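Numbering of ligands and ligand atoms starts at 1, following listing order. Worth saying up front: this structure is predicted, and the values here are computed from it rather than measured. Counting from 1, the numbers follow the sequence of the chain as shown.
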Amino acid sequence: MTDAGPGMILTLNAGSSSLKFSVFEPGAEPRECAHGQVENIGGTAAELTLTEGTRKTRLGIGRAHHQSALQAILGQLAPLLKGRTIAGVGHRIVHGGTAHAAPEVLTPKVMAYLATLEPLAPLHQPHNLAAVRAAIAAFPGARQVGCFDTGFHRGHPWENDTFALPRRYYDKGVRRYGFHGLSYDYVSHELARTRPELAAGRVIIAHLGNGASMCALRNGNSIGSTMGFSALDGLPMGTRCGQLDPGVVLWLMQSEGMGAVEISNLLYRESGLKGLSGLSHDMRTLEAAGTPEAAQAIDYFVFRIRREIGAMTAILGGLDALVFCGGIGENSAMIRARLCEGMDWLGLTLDAAANEARAPEIGHGRVRVLVIPTDEERVIARAVNAALQVAG
Ligand code: AMP
């Protein structure tokens, strides 16, 4: 603790070319003071945006890597910190493997284990860990806390945790981990806070953004996720393929002569909405495009989600609420309408006016339909806050 007041909490959420951050004041419920991001890391013209109350700052910072991006962020935050230190840094870590579920202090031993998981989440894990190293260099006295996207699902029942491979692969960690756990954590807690009767029931949360997945919850616990061993499985995404017959991978190897690097690039970076539309990974662009290919990409996205709503309803033994979050889930009235169309047989009927008006509750059937904006940063800040209290 410094004379200026208790140390602040910084949260970092690192992607391949972006570093999102928030600063929180610690407390029983951490208070967000500022947030922003550096985009185009690795390119020649990275840009930092910072929002602090109503004040927005945009700043070109030239060529940047994760460490220099963090330094640039810190330079902008200095006036806001008013002499206070950063006491704890919370990191979104996409993959915690079999060993890490609850938030944890990132010791060298934990970091070494997390690095072995990089091949399972190549779009995220290496960048998450790069941000941790940068934060250790910038704040050597701060607690570095990892929050794992896989953690929320680690209580999956066995049949939803395994693949039908020889058992030794399960023992080696070839499992259905599930991801987007920080988002599901936030949304399920909001549901419990605002509508406890629903949170105790059978709920599907659809996190639909650039990455997309769904989670089936019973009494607030994940019992199934559309994502599996890697963040490739399940729903089609911006650039990721979603569910795929493994025979396709064999065919790409045997008939197209492709190797692991090429296939990884194809499935992670060139598929999904981008691959199908031949135009863009971005839903807004596709909605505006009006080309037959863009329309078909949206058709496939909608079809696969509807299929999974049916499958998850079956494993839940019925449905009490469907909750949308993520950039598409929160903002696209058109996609929400198409997902709910003709679902009256399930007791799920959209209120078209409420949907268009972006109301928090958008159904008027037996199954409640909700939009709950997600906040992964707050989940991370709460975990750091708890770790700081334990540390005294
Ligand atoms: P996220 O990864 O959660 O930030 O979500 C990004 C996705 O949300 C992109 O595909 C965006 O095009 C999409 N998105 C954001 N706003 C809208 C909107 N108003 N309408 C349709 N899609 C949107």
query = Does the pair Arg154/Asp161 count as a salt bridge with the N-to-O cut at 4.0 Å?
reply = yes
inquiry  = Distance under 4.0 Å, heavy atoms only, partner ligand 1: which residues pass?
reply    = Gly209, Asn210, Asp282, Met283, Arg284, Glu287, Gly326, Gly327, Ile328, Asn331, Ser332
query = Arg240 side chain to Ala231 main-chain N or O, any donor-acceptor pair under 3.5 Å?
reply = yes
task = Begin with the C-alpha distance, continue with both residues' side-chain angles, and end with the deciding distance and a verdict on side-chain hydrogen bond (donor to acceptor under 3.5 Å, both in side chains) for His281 and Thr239.
result = CA-CA 6 Å; His281 67 280; Thr239 62; over 6 Å; no
ask   = How about Glu32 and Ser22: does a side-chain donor come under 3.5 Å of a side-chain acceptor?
value = yes
Arg176 to Phe229, cation-pi by 6.0 Å centre distance and 45° axis angle = no
ask   = Which of parallel (below 30°), tilted (30 to 60°) and perpendicular (above 60°) describes Tyr184 and Phe152?
value = tilted
